[in-house]
Structure formats: structure tokens, C-alpha cells
Amino acid sequence: MFHFNKKHFFCSVFVFLVLVFIALFMNDNFVRPFLGDVIVVGWLYLFLKSFIAINRTKLAHFVLLIAYAVEASQYFSLVSILGLQHIDAVRIIFGATFDWLDLLAYTIGWGCVLLIERSMSLVTSREA
């Protein structure tokens, strides 16, 4: 079940750098708050796929579940309840504000992951 996939790892590093760029240099009403959430689902998928050998659909569903859980924790102010709001890393990772549009962004990211994976599997099956 556990393995290291160099290709997925380096792709996840690239996508992570894109997310860092967005976080540091984009201050708009679409790319940072919405497109960043779409991309973060793809990043988490690639990162986990770097280390776990699992069915791509199951992994995509798991990543979507994690994203929804993070958003639910924002809805219930879990970071504040746990008294962790003073820790910058926790606030950055879990966020502070619930937004229904984030759920839409995560769902779009999940759909993109599934679409890309399906397209990639069709290409590789045709090459074989």
C-alpha cells in the first residue's frame, strides 16, 4: 500500500509552489479565494498519491472528504474551540471562515482530478 512515486511527488511539489505563489502574490476575488481551493484538492491528491498505492477514484473521494471536513471544522469553529487560533500554521491549514463556495471549489477540484485521471488512463491504455 505504501510506496514512493517520484513522478507524482514532483508534480505535487510544482503544484504546491503554484499554491504558494497564489497565496503570496495574488490578491483578487477569484484566483486566491476560489481557484486556489480548486487547485489545493489536486495538490493533496498528488501528494497522497506520491506515497500511497490506492485506487484513484477512492483516493479522489478521500481527498474530497478531507476538504469537506476542513470546511466543516471552519463552520463549527473547531480551531477556536481547541484553543489553537494563536498558531499561524493551524489557521493557515484549517482556515478560519466557512464559505459555501469553498465546497463548490473543492467539488470542482475533485471533478478535475477524476477527469484528468480518466483521460490519463485512456491515453496509457491506448499506448499499450
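The figures that follow rest on heavy atoms only: side chains count, while hydrogens, waters and symmetry mates do not. Since the model is a prediction, treat every value here as computed from it, not as a measurement.
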* Of all heavy-atom pairs between I39 and I22, which one has the smallest distance, and what is that distance? -> CD1-CD1, 3.9 Å
* Are I108 and F34 side-chain neighbours, meaning at least one heavy-atom pair lies under 4.5 Å? -> yes
* So do H61 and W110 actually touch side chain to side chain, heavy atoms under 4.5 Å? -> yes
* Give a yes or no answer on whether the side chain of Q74 reaches the backbone of F94 with a donor-acceptor pair at less than 3.5 Å. => yes
* To do: Work out which heavy atom in A60 is nearest to a heavy atom in V113; give both atom names and the distance.
  => CB-CG1, 4.1 Å
* Asked: Do V15 and M120 belong to the same hydrophobic cluster, where Ile, Leu, Val, Met, Phe, Trp and Tyr are linked whenever their side-chain heavy atoms lie under 4.5 Å apart, directly or via other members?
  -> no
* **pair K49-K7: side-chain heavy atoms closer than 4.5 Å** => no
* Any H3 side-chain heavy atom under 4.5 Å of N5 side chain -> yes
* To do: Decide yes or no on ring pair (Phe, Tyr, Trp, His ring centres under 6.0 Å) for F51 and F4, but give the supporting numbers first.
  => CA-CA 5 Å; F51 301 101; F4 180 70; 5.7 Å; yes
* Side chains of M1 and I52: closer than 4.5 Å at any heavy-atom pair? -> yes
* **Path from L122 to I116 over hydrophobic side-chain contacts below 4.5 Å** => no
* To do: If the plane angle is over 60° it's perpendicular, under 30° parallel, otherwise tilted; pick one for Y75 and F98.
  => perpendicular
* To do: Assess whether atom OH of Y68 is packed by more than 12 heavy atoms of other residues, nucleotides or ligands within 6.0 Å.
  => yes
* Results of side-chain hydrogen bond (donor to acceptor under 3.5 Å, both in side chains) for S77 - residues two or more places apart only -> none
* Is there a path of hydrophobic side-chain contacts, each under 4.5 Å between heavy atoms of I, L, V, M, F, W or Y residues, that connects V40 with L115? -> no
* Residues forming a side chain to side chain contact (heavy atoms under 4.5 Å, CB included) with S12, sequence neighbours excluded -> F9, W43, L46, F47, S50
* Which atom of D102 lies closest to which atom of D37, heavy atoms considered -> OD1-OD2, 2.8 Å
* Asked: So, D28 side chain and R32 main chain: donor-acceptor pair closer than 3.5 Å or not?
  -> yes
* To do: Measure the shortest side-chain to side-chain distance between M26 and L35 over non-hydrogen atoms and say whether it is less than 4.5 angstrom.
  => no
* Asked: Does anything in residues 62-91 pair up under salt bridge (Lys or Arg N to Asp or Glu O under 4.0 Å), and if so which pairs, sequence neighbours excluded?
  -> D88-R91
* Asked: When hydrophobic residues are tied together by side-chain contacts of less than 4.5 Å, even through go-betweens, does L65 share a cluster with L114?
  -> no
* Asked: What is the distance from atom OH of Y45 to atom CD of E117, rounded to the nearest 0.5 Å?
  -> 3.0 Å
* Indicate the atoms forming the closest heavy-atom contact of V41 with V63, along with that distance. => O-CG1, 3.6 Å
* **Gap between atom CD1 of I93 and atom CD1 of I87 - 0.5 Å precision** => 10.0 Å
* Quick one: do L103 and W100 satisfy side chain to side chain contact (heavy atoms under 4.5 Å, CB included)? Show the steps, please. => CA-CA 5 Å; L103 297 174; W100 288 105; 3.4 Å; yes
